[in-house]
Amino acid sequence: MAHTLLVGSCEPFSGKSAVVLGLGRQLARMGVAVRFGKPLATDLEQPVAAGEPLLDADVRFVGTTLGLPDGQLIPSADLLDAAVAERRLSAGDLDPGAGFAQLQQRLDQATDGVTLLEAAGSLHEGLLYGMSLP
């Protein structure tokens, strides 16, 4: 498995994407292969059709800014959305699902370079999905 760096924060809107951009640019200048993903999508530019990868708007922005091809963008495992969380809680679905295992599998496929991941907006956001920052 290649190296992975998870960029997180105790508070939302603290500059995680900016940190990822700076690190990504520096790594690319050094000739290091860079991949980027956000394990939990929080902002989708458009609805995602069944079977299509779930790519957060931040992932697309960072990928475009760094000139990363689609193959170097890691799809999100799930959508962190109030409506989705409410539906899961109402149904009693407290199983975090296979999101973390799916992410681990995607990370295991990378053999070189660095994977930069942007965590959810706080320490506990994503807990329902098995993907809180801790």
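This chain uses plain numbering: 1 for the first residue, then up along the sequence.
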Next item on the list: Please name the pair of heavy atoms, one in A41 and one in L79, separated by the smallest distance, quoted to 0.1 Å.
Entry: O-CD1, 3.4 Å
Next item on the list: Supply the atom-to-atom distance R25 CZ to T65 OG1, rounded to the nearest 0.5 angstrom.
Entry: 6.5 Å
Note to self: Using 0.5 Å steps for rounding, measure from the CZ atom of F36 to the CG atom of L55.
What the structure shows: 10.5 Å
Checklist line | Approximate separation, where rounding is to 0.5 Å, of Q109 CD and R35 CZ | finding: 10.5 Å
Next item on the list: Decide whether M30 and V19 are clustered together by the hydrophobic rule: side chain heavy atoms of Ile, Leu, Val, Met, Phe, Trp, Tyr closer than 4.5 Å, transitively.
Entry: yes
Checklist line | Spacing of R60 atom CZ and L68 atom CG [to the nearest 0.5 Å] | finding: 13.0 Å
Note to self: Within this structure, what is the CG-CG distance for the pair D108 and L103, rounded to the nearest 0.5 Å?
What the structure shows: 9.5 Å
Checklist line | Separation of T64 OG1 from L73 CG (nearest 0.5 Å) | finding: 7.5 Å
Next item on the list: Provide the closest heavy-atom pair for V34 versus Q72 in the form atom of the first, atom of the second, distance.
Entry: O-NE2, 2.6 Å
Checklist line | Under 3.5 Å donor-acceptor, E125 side chain and G121 backbone | finding: yes
Margin query: For S76 and L40: C-alpha separation, side-chain torsions, deciding distance, then whether side chain to side chain contact (heavy atoms under 4.5 Å, CB included) applies.
Written below: CA-CA 5 Å; S76 298; L40 289 172; 5.9 Å; no
Item checked: Nearest heavy atoms of K16 and V7, plus distance in Å -> CD-O, 3.7 Å
Item checked: Side-chain heavy atoms of K38 within contact of S17, under 4.5 Å -> no
Checklist line | Nearest heavy-atom neighbours spanning G113 and V32 | finding: CA-CG1, 3.9 Å
Next item on the list: Could you tell me which non-hydrogen atom of V20 sits nearest to which non-hydrogen atom of L116, and how far apart they are?
Entry: O-CD1, 3.8 Å
Checklist line | Close side-chain approach of R88 and D78, heavy atoms under 4.5 Å | finding: yes
